[in-house]
Amino acid sequence: MTEQALRPHAEDAFAEELAALAAADDRPRPARWNLSPWAVATYLLGGTLPDGTVISPKYVGPRRIVEVAVSTLATDRALLLLGVPGTAKTWVSEHLAAAVSGDSTLLVQGTAGTPEEAIRYGWNYSQLLAHGPSRDALVPGPVMRAMSGGRVARVEELTRIPADVQDTLITILSEKTLPIPELGEEVMAVRGFNLIATANDRDRGVNDLSSALRRRFNTVVLPLPATVEDEVDIVARRVDQIGSGIDLPSVPEGTDEIRRVVTVFRELRDGITADGRTKVKSPSGTLSTAEAISVVTGGLALSAHFGDGVLRPSDVAAGILGAVVRDPAADRVIWQEYLESVVRERDGWKDFYRACREVTV
């Protein structure tokens, strides 16, 4: 019996939706695309097909952003998704690749130690030592495989990759070819190939992109959720998806606490309360939507295993404290001031105030 994956790839988790879209999709498709650009956008944004199939939204945000991203992939320019932490860059990247190519696994994870071989190719050293450089000894990387198969490759956290390694992409993106000097050969990209990179706004200055490389990308900035309702919806959907795979209680039981977590994060992030009346200090952490998802998921686990299965303030309080207080000295003072001046005075939040106060002191 095959064990269920803890976190299936997008093309597996949403296989039924992708198949329904493909069956209903009668619009022109670019070469080697599984879906038309219209269907890809529908897959990300959600909708109802003529046969009644409901496509769940994968991204909650301006439609135009998704349309520009999808249109970019249909051209010869690569796509750079830029935004602060927690704006769903990786999530959007994965779903775009799944919808376009049916394969989101052609991935290079950018770190300070990412080598050039991760983007280009490596070698099977036993073959290399035994027979010298040859096609049999060559180990193609994700980008090379995407070029050969006309699929979409992904590079996560591009600005964390050393600058000299980043520039390996220039020839690939401009000439659509990858030289293999050891063999006197090259791999030429076939139609359908493109690349999606993500970069963090907070990482500007870590390894800035060269102007030559930046010109090869069309940059799409993913904003933070525009409203509390949007952010609550995003958190609830993602927590529900995560929770279903690890047998946690359903999200509707904890909607009130999700709204509180989101409200706290937004106010501290924005430096002002939701009603615009009180300015507050912002802590050093990002307090992103992704962190709100983590706090709520952790709270659901507490309520499931040590409570009655209903998400309560005491289940999320410690997670909020951990997300807000990154600098033990400065952030703790900011959090205590916010608790006393805002949370304590808010109608209907007494139980939340007591739970947060209990874990703070």
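The figures here come from the full heavy-atom set of this structure, side chains too, leaving out hydrogens, waters and symmetry mates.
No side-chain donor from either of E157 and T111 sits under 3.5 Å from a side-chain acceptor of the other. Side-chain contact annotation: Q127 with S134, donor-acceptor N/O pair under 3.5 Å absent. Donor-acceptor pairing under 3.5 Å is lacking for the side chains of T297 and S294. For the residue pair S210 / Q166, no side-chain donor-acceptor distance below 3.5 Å is found, with atom types taken as modelled. S93 and R154 share a donor-acceptor pair across their side chains, judged by distance under 3.5 Å alone. In the model, E116 has no side-chain atom that pairs as donor or acceptor with a side-chain atom of Y121 under 3.5 Å. In summary, the side chains of E267 and Y338 do present a donor paired with an acceptor at a separation below 3.5 Å, with no hydrogens or angles considered. A donor-acceptor contact closer than 3.5 angstrom is absent between the side chains of D327 and S284. Counting only N and O atoms by type, the side chains of Y59 and H95 include no donor and acceptor under 3.5 Å apart. In this structure, a donor-acceptor pair under 3.5 Å is absent between the side chains of S303 and D308.
Between E94 and K58 there is no salt bridge, since no side-chain nitrogen of the basic residue lies less than 4.0 Å from a carboxylate oxygen of the acidic one. By the 4.0 Å N-to-carboxylate-O rule, E67 lies close enough to R63 to be salt-bridged with it. Note on R269 versus E291: no salt bridge recorded, every NZ/NE/NH1/NH2 to OD/OE distance being 4.0 Å or above. Between E340 and R357, at least one side-chain nitrogen of the basic residue sits less than 4.0 Å from a carboxylate oxygen of the acidic one, meeting the salt-bridge criterion. E229 has no carboxylate O lying under 4.0 Å from a charged side-chain N of R266, or vice versa, which leaves the two without a salt bridge. Between R151 and D103 a salt bridge is recorded (basic side-chain N to carboxylate O distance below 4.0 Å).
Not one N or O on the side chain of T53 forms a donor-acceptor pair closer than 3.5 Å with the backbone of A20. Distance alone, capped at 3.5 Å, places no donor-acceptor pair between the D331 side chain and the P328 backbone. The backbone N or O of V165 lies less than 3.5 Å from a partner atom in the side chain of T168, making a donor-acceptor pair. At least one donor-acceptor pair under 3.5 Å links the side chain of E11 to the backbone N or O of S104. Under the 3.5 Å distance criterion, the side-chain polar atoms of T114 are matched with a main-chain donor or acceptor of Q109. Between the side chain of S101 and the backbone N or O of A98 there is no donor-acceptor pair closer than 3.5 Å. A donor-acceptor pair under 3.5 Å is absent between the side-chain atoms of D230 and the main chain of P225, judged by distance alone. A side-chain donor-acceptor contact under 3.5 Å links R332 to the backbone of T360.
Annotation for K279: atom NZ does not count as buried by contact number, only 12 or fewer foreign heavy atoms lying within 6.0 Å. Within 6.0 Å of the CD atom in E185, the count of heavy atoms belonging to other residues, nucleotides or ligands exceeds 12. Atom CD of E345 has more than 12 heavy atoms from other residues, nucleotides or ligands within 6.0 Å.
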Going through the checks in order, is the side chain to side chain contact (heavy atoms under 4.5 Å, CB included) test met by V143 and L178? CA-CA 9 Å; V143 176; L178 177 54; 5.8 Å; no
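To the nearest 0.5 angstrom, I293 atom CD1 is 7.5 Å from I234 atom CD1. Summarising the geometry, atom CG belonging to L158 is positioned 6.5 Å from atom CG belonging to L80; distances are rounded to the nearest 0.5 Å.
Cation-pi geometry between R260 and W349 is met: under 6.0 angstrom from the ring centre, within 45 degrees of the axis. Both cation-pi conditions hold for R238 and W91: the charged atom is under 6.0 angstrom from the six-membered ring centre and inside a 45 degree cone around its axis.
Taking every heavy atom of both residues into account, L128 and A137 meet most closely at N-CB, 3.9 Å.
Note on I272: it does not cluster hydrophobically with V342, by side-chain heavy-atom contacts below 4.5 Å among ILVMFWY residues.
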